[in-house]
S.K.: 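To start, I am sharing the structure in question, which I have written as structure tokens.
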Amino acid sequence: MQSGPGDAPLLADLNDAQRQAVTHLDGPALILAGPGSGKTRVITRRIAWLINQGVKPWHILAITFTNKAAGEMRSRVEALATHKGAIISTFHSFGVRFMRQHAARLGLEPSFTIYDQTDRARMTKIAIEDTKIDSNRFSPEAVGGAISRAKNHLLSPERYAAEARDFFARAVAEVYPRYEKRMRDAGALDFDDLLYWPALALRNDASLRAECDERWRYVLVDEYQDTNTAQYAIARNLSQDHPNLFVVGDPDQSIYKFRGSDIRNILDFERDYPGARVLHLSDNYRSTRHILRAADALIANNQQRKPKKLTPRDRDGSPVEVVTHDDQAREAEGVARLVRQEVDRGRRSFRDFAVLLRMNALTRAFEQAFIRNKVPFQIVKGLAFFDRKENKDVIAYLRLMTNPRDDVSFLRVVNEPPRGVGATTLERLQEYAASREATLMAAAAQAEFIADITPKAAKSLVAFARLLGELAPLAEGPPHEAITKVLERTRYRESVKSKDALTDDDRVANIEELVTAARQFSEANPDSGVAGFLENITLAGDIDSYDTREESVTMMTLHAAKGLEFPVVFMPALEQGLLPHERSLNSPGDVEEERRLCFVGMTRAMEELHLSCARMREFRGRTIYTVPSMFLGELPGEVRRTERGVSETGGHDAAWLDGDTPVERREPARPAPGRPASPAAATAAPCAYEAGNIVQHDSYGLGQVLEVSGHGATRKIRIRFITQGIRTFLVDKVALRKVARGG
DNA sequence: GGGTGCCGCTTTTTT
DNA sequence: AGCGGCACCC
């Protein structure tokens with residue numbers, strides 16, 4: 001490594017491994033970076049260092065997974081070096097830029113619309129109806145998901161069809177080409193297209209590939225463990241002639257398999273790039289020893305994993321807490337009280353706390369508890385706002401202004417507000433459009449010539465087409481003006497107001513908020529028109545709306561928390577079926593991913609980590625008895641385990657749950673009692689288990705033995721599980737743990 | 001032929 | 001919370 005001018009401040013506060021990573025010059029490099037090991041710092045310093053070494057900024061491409069991470073990286077590099085010309089963006093934003101730039105070469109209009117998963121489902125539904133497949137048999141979401149996975153694996157419709165074996169795959173194989181045709185005709189790309197087409201173009205067009213490889217000589221990829229096949233292909237094809245691919249990641253934090261990421265990309269890096277430099281960042285600067293030991297112990301249970309340890313740099317801190325509550329209301333109340341108390345004592349501020357959950361649906365109880373205790377909070381879930389019906393409607397108008405071929409948006413708002421265009425008319429219109437290979441907008445403009453469409457409906461359709469034609473020029477101007485005009489011309493506000501007096505205030509407020517969001521966007525991006533605004537909101541993720549400076553407790557999913565850190569982390573609802581999630585229990589590989597998810601959550605904590613579960617949980621309208629997460633059993637003995645409440649005693653005071661004023665209550669710390677046992681038939685033969693025993697099964701959770709029958713290899717055991725009903729197993733084959741003798 | 005109101009289903013995680 | 005499906009009314 002050479003040292004250039006002004007390197008000292010870039011390298012001074014780095015440890016040995018970090019410095020080696022930053023100053024790695026040419027050739028592929030894999031940086032295995034555990035949580036809290038300073039990987040963002042390594043990437044940003046490296047970009048600055050490369051520029052200091054004389055690498056031109058426009059030869060640098062740094063890719064992250066979220067817009068927020070990209071923005072942060074950009075501002076951090078900015079503080080270190082002039083990087084004008086370097087691209088720091090997400091894979092998807094890079095894909096958009098690539099597609100717009102090479103649209104002509106790819107046979108695409110540069111004014112394409114980007115479809116989100118909701119739009120994808122609608123288009124999939126249309127495509128299913130194009131085929132002879134029974135549309136009730138397969139949901140558009142399921143088929144759309146399968147198409148998405150195919151694209152993530154770079155499978156074209158032809159290749160997918162060649163490999164389709166089972167009934168479902170054969171149906172998807174029918175729909176996939178129809179979907180693609182429909183998308184192309186609508187001038188639309190889905191999220192996966194933003195990776196799929198660039199990946200294919202780079203793979204198949206040698207001159208384009210060489211041109212891009214030459215342009216981006218230094219490619220850096222963050223969170224490499226989460227790349228899918230398409231992303232892998234993009235990175236690989238940009239790193240042939242200039243094989244300076246620098247990837248940073250942690251196999252233990254791979255949590256996006258469901259959207260196609262392939263952990264083998266990082267595990268096989270050395271095989272794919274012979275001679276790659278491999279560096280390990282294992283010093284953890286984030287968390288206390290207690291937290292790291294707990295996280296280490298948990299992740300060590302994964303079989304498909306290279307062993308590695310996190311080296312703490314910090315003090316011991318306080319032990320990791322595991323608390324069992326009676327139900328989710330008390331669990332949430334416990335969190336809210338602790339936050340309140342710490343803030344009241346002046347020891348913490350609200351923004352020091354985060355509540356990390358497996359599912360968005362679990363936030364309810366916490367919202368209520370925080371409100372009750374006057375604890376300010378924010379939920380990181382940006383989708384909710386732009387997903388509101390009224391906003392989606394307005395957005396559909398904007399899309400039609402920039403791209404009149406967008407059939408999905410057409411269908412969404414052609415009768416919104418109501419214009420007297422019903423299902424029958426639309427069916428006729430679609431038939432007509434299909435027979436002439438025309439877009440719905442074009443067909444609407446000539447609706448008066450379509451047989452079987454009533455004159456009244458035809459008039460409405462023509463007026464609608466004319467309206468959009470008149471609005472279209474506004475797409476070049478600032479988006480908030482376009483929205484204002486849309487609302488005015490469609491009288492959308494008025495139509496909302498006349499519906500339901502109770503909710504319409506909310507809806508109108510949402511529309512106003514959309515106008516504000518558009519105005520803010522215009523101010524920040526004065527040169528962008530409506531198309532830029534649409535692109536921005538479609539590609540914005542939940543985490544992008546998260547404000548770290550806000551004085552409030554943060555609630556978010558474990559997935560969204562990746563890359564973040566908080567002084568105090570709560571991880572509630574650690575129950576079998578939630579984490580690990582029910583749908584992962586059938587496959588050991590999926591359970592390992594759930595364990596990684598738990599690991600990611602735990603390693604967000606800097607000083608305190610509070611894990612909890614509830615004995616009872618209301619979910620989808622039913623109350624179920626829960627089983628503590630298997631992951632809690634994998635933590636070391638040093639964690640502090642506490643039982644609160646204990647329903648069976650009936651001794652606690654629940655008054656605080658109903659009133660506004662919290663009442664202090666006793667915290668009897670006592671062990672959980674065994675479940676009441678029922679008298680069951682005894683068996684003659686000696687056996688490790690007998691009726692009444694309380695047993696733990698790896699997947700089904702806690703249950704009570706009802707009966708043991710037979711003998712030898714055919715001895716059977718019948719168990720009633722708390723959540724999964726009655727099951728029968730062969731005693732010799734089933735993995736059970738006796739928890740209590742019971743009866 | 002279109003509009004309206006009610007029911008039940010949906011969601012695990014996301015760019 | 002939204003939305004498709006359905007029944008019922010205009």
S.K.: Please give me every residue in residues 255-263 of chain A whose heavy atoms get under 4.0 Å of an atom in DNA chain B, ordered by residue number.
M.R.: Tyr256(A), Phe258(A), Arg259(A)
S.K.: Contact class for Asp116(A) vs. all strands (heavy atom < 4.0 Å): base, sugar-phosphate, or nothing?
M.R.: nothing
S.K.: Are the side chain of Asn415(A) and the backbone N or O of Val421(A) linked by a donor-acceptor pair below 3.5 Å?
M.R.: yes
S.K.: Please determine, for the side chain of Arg583(A), which listed nucleotide (dG2(C), dT12(B), dT15(B)) has the closest atom?
M.R.: dT12(B)
S.K.: Does the pair Arg184(A)/Glu180(A) count as a salt bridge with the N-to-O cut at 4.0 Å?
M.R.: no
S.K.: Ion pair present between Glu367(A) and Arg364(A), side-chain N to carboxylate O less than 4.0 angstrom?
M.R.: yes
S.K.: Is His581(A) stacked on the base of dT12(B), with ring centres under 5.5 Å apart and planes under 30° apart?
M.R.: yes
S.K.: For nucleotides 3-10 of chain C, give me every protein contact, N/O to N/O, under 3.5 Å, one pair per line with atom names.
M.R.:
from   : atom 1 : to        : atom 2 : distance (Å)
dC3(C) : OP1    : Arg412(A) : NH2    : 3.4

S.K.: With sugar-phosphate meaning primed atoms plus P, OP1 and OP2, does Phe65(A) contact a base, only sugar-phosphate, or nothing at under 4.0 Å between heavy atoms?
M.R.: sugar-phosphate
S.K.: Please determine, for the side chain of Glu141(A), which listed nucleotide (dT13(B), dT15(B), dT11(B)) has the closest atom?
M.R.: dT11(B)
S.K.: Can you tell me if Tyr492(A) and Asp393(A) form a side-chain donor-acceptor pair at under 3.5 Å?
M.R.: yes
S.K.: Mind checking whether Phe258(A) and His559(A) have ring centres under 6.0 Å apart?
M.R.: yes
S.K.: Examine dT14(B): is either OP1 or OP2 under 4.0 Å from a nitrogen or oxygen in the side chain of Thr557(A)? Give yes or no.
M.R.: yes
S.K.: Which listed nucleotide (dG1(B), dG3(B), dT12(B)) is nearest to the side chain of Arg428(A)?
M.R.: dG1(B)
S.K.: Using a 3.5 Å cut-off and no angle test, enumerate the donor-acceptor pairs between side-chain atoms of residues 86-99 of chain A and protein atoms at least two apart in sequence or in another chain.
M.R.:
from     : atom 1 : to       : atom 2 : distance (Å)
Thr90(A) : OG1    : His92(A) : N      : 3.4
Thr90(A) : OG1    : Ser93(A) : N      : 2.9
Thr90(A) : OG1    : Ser93(A) : OG     : 3.0

S.K.: If you measure only the distance, is there a donor-acceptor pair under 3.5 Å linking the side chains of Tyr432(A) and Gln446(A)?
M.R.: yes
S.K.: Counting only side-chain N and O atoms of Asn360(A), is one of them less than 4.0 Å from OP1 or OP2 of dT13(B)?
M.R.: yes
